[in-house]
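Here's the structure, in structure tokens; my notes come after.
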Amino acid sequence: MSLEWQMSDKQHCCEQMVESLKFDCSQHADAFECPDTLVYYSDRFDEYGLIVHDGGASYVSISHCPWCGDKLPESRRDEWFGRLEALGFINPAEENIPDEFQTGEWHRQESGEG
């Protein structure tokens with residue numbers, strides 16, 4: 001299972017969100033392969049999404065918690081791409097980007113969280 005959520009000290013909005021993100025299926029190695037895994041958190045982009053179980057690794061970003069209704073943080077996806085572009089990276093998927101951009105370390109450093 002993707003362990004990106006474990007790389008963060010992120011305080012999620014409610015216990016149900018925490019439990020959903022911690023779900024560990026004994027039959028599937030990847031969260032995107034498990035039909036029982038519903039929610040994904042991307043530390044890199046600080047965004048939440050509902051997994052699209054279509055055989056790939058896609059998810060639909062959400063702005064509010066499906067359980068408690070709290071507003072979730074705005075995605076930092078555009079900011080991530082913008083910062084990398086400013087550093088001269090044209091295609092991050094094919095380039096060796098700095099380690100802090102592999103996780104949410106880049107935005108935690110900026111905000112003083114990490």
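No hydrogens, no waters, no symmetry mates; every other heavy atom, side chains included, goes into these values.
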Q. What distance separates D43 CG from R108 CZ, expressed to the nearest 0.5 Å?
A. 4.0 Å

N/O donor-acceptor pairs under 3.5 Å from side chains in residues 55-74, not counting sequence neighbours:
unit_1, atom_1, unit_2, atom_2, d
Y59, OH, E47, OE2, 2.5
Y59, OH, R77, NH2, 3.0

Q: Taking all heavy atoms of I51 and all of A31, pick out the closest pair and write down the distance.
A: CD1-O, 3.9 Å

Q: To the nearest 0.5 angstrom, please state how far the OH atom of Y40 sits from the CG atom of L50.
A: 13.5 Å

Q: Work out which heavy atom in H53 is nearest to a heavy atom in T37; give both atom names and the distance.
A: NE2-O, 2.8 Å

Q | N/O donor-acceptor pair under 3.5 Å between H28 side chain and P35 backbone | A | no

Can you give me every donor-acceptor pair (side chain of residues 78-85, partner residue at least two apart or in another chain, under 3.5 Å) with its distance?
unit_1, atom_1, unit_2, atom_2, d
E79, OE1, R76, NE, 3.3
W80, NE1, F101, O, 2.9
R83, NH1, E110, OE1, 2.8

Q.
Run the side-chain contact (heavy atoms from CB on, under 4.5 Å) test against Q27 and tell me which residues pass, sequence neighbours left out.
A. C25

Q. Can you find a heavy atom in the side chain of Y48 that is under 4.5 Å from one in the side chain of L21?
A. yes

Q: Working to the nearest 0.5 Å, report the span between NE2 of H12 and CD of E19.
A: 11.0 Å

(Q) Tell me which pairs pass salt bridge (Lys or Arg N to Asp or Glu O under 4.0 Å) where either residue lies in residues 87-100, with sequence neighbours left out. (A) none

Q) Should we count CG of N96 as having more than 12 external heavy atoms under 6.0 Å? A) no

Q: Could you list who else is in I90's hydrophobic cluster, with ILVMFWY side chains joined at under 4.5 Å, directly or through other members?
A: none

Q) Is the closest side-chain heavy-atom distance between P98 and W106 below 4.5 Å? A) no

